[in-house]
Number of protein chains: 2
Amino acid sequence: MPVSFAGVLPSFERTREPGAVMRVSGVPDCYVTSMRKASRRLTQLYDEAMAPSGLRSTQFSILAELSEPTQGPPTMGELAEVLVLDRSGLGHSLRPLEREGLIEFEVNPDDRRSRIVVLTKAGRDRYRQAHELWRSAQERYRSATGAAEADELRDRLQAIAHDDRLA
Amino acid sequence: MPVSFAGVLPSFERTREPGAVMRVSGVPDCYVTSMRKASRRLTQLYDEAMAPSGLRSTQFSILAELSEPTQGPPTMGELAEVLVLDRSGLGHSLRPLEREGLIEFEVNPDDRRSRIVVLTKAGRDRYRQAHELWRSAQERYRSATGAAEADELRDRLQAIAHDDRLA
DNA sequence: GCCAATTAGGGGCATATGCCCATACTCTGG
DNA sequence: CCAGAGTATGGGCATATGCCCCTAATTGGC
């Protein structure tokens, strides 16, 4: 089977002859399955590219959000919401970053139940370093799928991520 | 901010005034970030819908693949490739399914290094049960985003998942 | 036929996510 | 001002994924 699917993998691909390299699931119609597969693939691409920085995709996303916040350092709850992450899960994900001194916690003076997450200088530096590698991954993906396609897909994914009708 | 983004979240959304509910990342351009967020959101939707069956998205995907294989029971390596999963990771994910008696392993007579994964009767039953719940999640997503849109997006995600240029 | 290179999995370890429950605060009605 | 409801996190536990290295088995070249 050739490299490209021309952007589409129709259902009838299921019935390709034996001997072909690829196997296609009997449930090619499942939206979440294809989403998760694509997510894993893309994550592999980015993680590999950013490996020299010691940051993975998730960690990069977190530092990115902290690096360019829209309205000052966020609380954990706010950060979890933006990242579409479970609050507990975010807590766990922040642990390694804290351990490495890339982020710090501060008690929120406005509400002492919550804590504010702030980027340290080390965190900023690491983010900048990873950013270079991140860019190369972006370019790789863009050139493989086409810039316009890539951007349109990303916008659609963002809409899904924040679509309250799915929550 | 209203519920819908009309399918697109343009970059300039970054500069919305303070007071709005949603925070948008300073790196709205990252493809893998939006992919992972959308993946988490969709996973939450499906996992919640399928919770009564005791199966999660990943497990459902695995059983689905085993339930309707294109060319007989796959080896672990084949299964990992179809699922765009790391082989070790697949091994770990299969453990709970084996423990519950939904799948079994058989030595591959053609190559005794590898093992073949087969669905048990209990596995088939469980899959059928989950399938009902899965369908409701599918419908929920389809009706929220539109059937044609959903299908087109899914096909594009499948193309990405199996695009060798990204491997 | 035999040994080197290759390949399939397993084990261990680390991060990624999510759920549930406990705890510490905050807020709102009397 | 206080009790009870509501909210922000933390801790514990389970699955999800991936990487690296080790062992078993296969394969290819001589």
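The sequence lines fix the lettering, A, B, ..., with proteins before strands; numbering per chain opens at 1.
Nucleic acid contact class of A:Leu85 (heavy atoms, under 4.0 Å, all strands): sugar-phosphate only. Among the protein residues, B:Thr75 comes within range of the sugar-phosphate backbone only, with heavy atoms under 4.0 Å from sugar or phosphate atoms but none that close to a base. Here B:Gly77 lies in heavy-atom contact (under 4.0 Å) with sugar-phosphate atoms only.
Between C:dT17 and B:Thr43, no contact under 4.0 Å exists linking OP1 or OP2 to a side-chain N or O. Note on B:Arg95: every side-chain N or O is 4.0 Å or more away from OP1 and OP2 of D:dA16.
Between the C1' atom of D:dT17 and the OH atom of A:Tyr46 lies a distance of 19 Å, rounded to the nearest Å. Atom CD in B:Glu48 sits about 20 Å away from atom P in D:dT15, given to the nearest Å. Taking atom CD of A:Gln59 as the reference point, atom C1' of D:dT17 lies 14 Å away to the nearest angstrom. A:Leu94 places its CG atom 13 Å from the C1' atom of C:dT17, with the value rounded to the nearest Å. Rounding to whole angstrom units, CZ of residue B:Arg87 and C1' of D:dG18 are separated by 14 Å. A:Asn108 has its CG atom 10 Å from the C1' atom of D:dA8, to the nearest Å. In this structure, A:Met76 places its CE atom 15 Å from C1' of C:dT23, rounding to the nearest Å.
Not less than 6.0 angstrom separates the ring centroid of B:Tyr31 from the ring centroid of A:Tyr46.
The closest side-chain heavy-atom distance from A:Thr58 to A:Thr43 is not below 4.5 Å.
Side-chain atoms of A:Asn108 and A:Thr75 form no donor-acceptor pair, as typed in the model, at a separation below 3.5 Å.
The residue from B:Arg126, B:Arg95, B:Gln59 that alone fulfils the side chain to side chain donor-acceptor pair (under 3.5 Å) condition with B:Glu100 is B:Arg126.
When the nearest nucleotides of DNA chain D are assigned to A:Arg56 and B:Arg56 by heavy-atom distance, the more 5′-ward of the two goes with B:Arg56.
Comparing C:dT15, C:dG10, C:dT17 by their nearest atom to the side chain of B:Arg40 picks out C:dT17.
Aromatic ring orientation, B:His131 versus B:Trp134: tilted (interplanar angle from 30° to 60°).
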request  = Treat primed atoms plus P, OP1 and OP2 as sugar-phosphate and everything else as base, then score nucleotides 19-26 of chain D 5' to 3': B for base contact with protein heavy atoms under 4.0 Å, S for sugar-phosphate contact only, - for none.
outcome  = BB---BBS

